[in-house]
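Excluded from the calculations below are hydrogen atoms, water molecules and symmetry mates; all remaining heavy atoms, backbone and side chain alike, are included. Index from 1, following the sequence. Counting convention: from 1, in listed order, for ligands and their atoms alike.
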Amino acid sequence: MSAPSSRTASSPIYRGPLPHVTTVERIPVTVYAEPGDASRAVAREIVDLVRQRAEAGKKTVLGLATGSTPVGVYEELIRLHREEGVSFKSVVTFNLDEYWPMQPDELQSYRRFMREHLFDHVDILEEAIHIPDGTLGRTDLAKACAAYEEQIREAGGIDLQVLGIGRTGHIGFNEPGSPLDSRTRLITLDGVTRADAASDFFGEWNVPRQAITMGVGTILDAKRVVLLAFGEHKAPIVRKAVEEPPCSHVSASALQQHPDARFVLDRAAAARLSRFETPWLLGPLDSMGLEWTAGLTKRAVIWLSQQRQKPILKLTDADYNEHGLQELLSCRGRAYDINIEVFRAMQATISGWPGGKAAASQPGRQAEPFPKRVVVFSPHPDDDVISMGGTLIRLCEQGHDVHVAYQTSGNIAVWDESADRHVDFVEEFCRAFGVGTKTSGIADRIRQFLKSKQAGTIDIAELQAVKGLIRRTEARAGARYSGVKAENIHFLDLPFYETGRVRKKPVGPEDVAITVKLLEQVRPHQVYAAGDLSDPHGTHRVCLGAILAALDAVRTHDWAADCRLWLYRGAWQEWEPHEIEMAVPLSPEEVLRKRMAIFKHESQKDRALFPGPNDPREFWQRAEDRNRETARLYDRLGLPEYEAIEGFVRHEF
Ligand code: F6R
């Protein structure tokens, strides 16, 4: 499903006295429900252009990006080549950028990325491929950058430029401050960009400080530009680039000045655009094909309460009238009625009995049967306690039959030193008890490998296994501490994850079959899963995909008719207050117990510091801050004041 593309600079702007509402979309934006839909549409656009030009005997010059965003486009191009015979022999490509310094065969090289994700799978001519050269010496760079520009000119200019966008607003690697007329050059990467690349390089300190990039001016010279952005982590910067006046602090905003540039987004990346966040400020709802549903009313009232810094029940007719909600007020009559409706809806989300309570049932809370069979899926071995540790403890204490299923081994996220220490422990253990003194040379092989390991080298199988075991034992300790019975702890080790690399395979039939098997074994009344959609190609999203496919496969079973799926959020984000459908309050003591459960994941203690120095908080701190903030939000809306709250959204399947 896609909303129509629109250039809304001239569409009605809210005329009331709200000073902060000054912008609407300044560039055409197309929004798709899912990244896959968007990728297929852009791939089709590329192929149409290539075919059209080939028929006219012309070459097509494509400007290409790397990173997670365009991967789906490249997959679709490969499919179209294989299944529809699309040829790339008439295509010339110029990549936006490359890390510097960088050898072409290194895991993180963009040259290697392009070969693996596109070039090795289509019939493009080797000599038609251009990628900035990361092997050059510093003194040769300026000349090589000028030559790159010249090559683009000689090829006739770029016909279609594909872009992603970084959280700094960069296109290519044009970090904040890049002039509009900048050309291909060496640039120093922003701290945020290096933090975002950290997992590809097994640590931020391994990320190169510099890169060669086409300039903003080079990109603006392309005849057509399509910028793709997926995932809610892109939503704030997308809003800036689309709705705020162009400035050199957000390079992507320069595209507003291009005659044929377009943003192509999924719903998550579009979520902060005014038309989704506060559509009532842009004009009458029916002019946008919207109506005042219960959901939109709830959203608007929470927004108003936050704007006015007043609890919901204290909002007045004047508050509605003077803050862009005249239409809602006039169709409903009185602030009082709207307030009560939304207040009650929010109140009904609060439940200290996440599995339901037979005696005092709440609407929609599925009180019967009691106790329930519950499966908590955890993408990595610690997401269960980080994201819903309080709820997990409550479910166990309230007598439900709780199972936890760890979907992946999580071995990538264990430091080498930690593995080394555990190997040391095993050797000491064997010596101390005179057992298994022969470790079959495994310990030696691991130590030998670690000695010569370069940043980014794939671990040998034994080391991967040790790292997986460390996480497995920590997960067991965390789950047991939360009250889960030993026999209810499951390790699925889904195959999509086991590449030994940060880059994973897509979810496959085997992953789904393993998940189906567990569901059939437990026949749950409730399923909890990570609904963390931030990274379109991230592990959490793939894990959710496996669960949804598995639930689809079992939907005809009797037990599945009563099964409910609740989504929690990961360590990095929380649901918006208007989205939360179940709010599980935590007492101060429960917050501490949740913290203790997270502490069982010793190998992860300093992992949350990994993204960079901007946010030096550990996982337990992030989780507590997040849960406390949700509780504060409820309090400010005039609902009961709790120490912390874990939020969930129900997902229909
Ligand atoms: C990559 C590039 C960058 C990325 C951007 C988004 O060649 O030029 O601008 O497009 O950093 O990266 P992802 O897609 O990984 O979020």
Checklist entry - Do ligand 1 and Y110 have nitrogen or oxygen atoms that lie under 3.5 Å from each other? => result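 Min N/O separation from ligand 1 is not below 3.5 Å for Y110.
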What is the nearest protein non-hydrogen atom to [atom], stated with its residue, atom name and distance?
atom                    : result
atom 1 (C) of ligand 1  : T66 OG1, 3.2 Å
atom 15 (O) of ligand 1 : S68 N, 2.8 Å
atom 8 (O) of ligand 1  : D97 OD2, 2.5 Å
atom 3 (C) of ligand 1  : G172 O, 3.6 Å
atom 10 (O) of ligand 1 : G164 CA, 3.3 Å
atom 16 (O) of ligand 1 : K234 NZ, 2.6 Å

Next on the checklist: In terms of relative ring orientation, are F94 and Y148 parallel, tilted or perpendicular, with 30° and 60° separating the classes?
Outcome noted: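 F94 vs Y148 ring planes: perpendicular.
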Checklist entry - Aromatic rings F113 and Y74: how do their planes relate, parallel, tilted or perpendicular, breaks at 30° and 60°? => result perpendicular
Checklist entry - If you measure only the distance, is there a donor-acceptor pair under 3.5 Å linking the side chains of E76 and S39? => result no
[X] neighbourhood, listing ligand 1 atoms whose heavy-atom distance to it stays under 4.0 Å:
X    : result
T69  : 13 (P), 14 (O), 16 (O)
H170 : 3 (C), 5 (C), 9 (O), 11 (O)
L96  : 8 (O)
G67  : 14 (O), 15 (O)

Checklist entry - Heavy atom under 4.0 Å from ligand 1: found in I165's side chain, backbone, both, or neither? => result backbone
Checklist entry - Can L265 and L273 be said to form a side chain to side chain contact (heavy atoms under 4.5 Å, CB included), step by step? => result CA-CA 11 Å; L265 311 174; L273 295 179; 4.0 Å; yes
Checklist entry - Going by an N to O cut-off under 4.0 Å, is there a salt bridge joining R272 and E576? => result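 Salt bridge: yes.
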Item to check | Proximity flag R167 to ligand 1, non-hydrogen atoms under 4.0 Å | outcome: no
Do other residues, nucleotides or ligands put more than 12 heavy atoms under 6.0 Å from [X] [atom1]?
X    : atom1 : answer
E510 : CD    : no
K240 : NZ    : no
R79  : CZ    : yes

Checklist entry - Is it true that F88 and F119 have ring centroids separated by less than 6.0 Å? => result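 Ring centres of F119 and F88 not closer than 6.0 Å.
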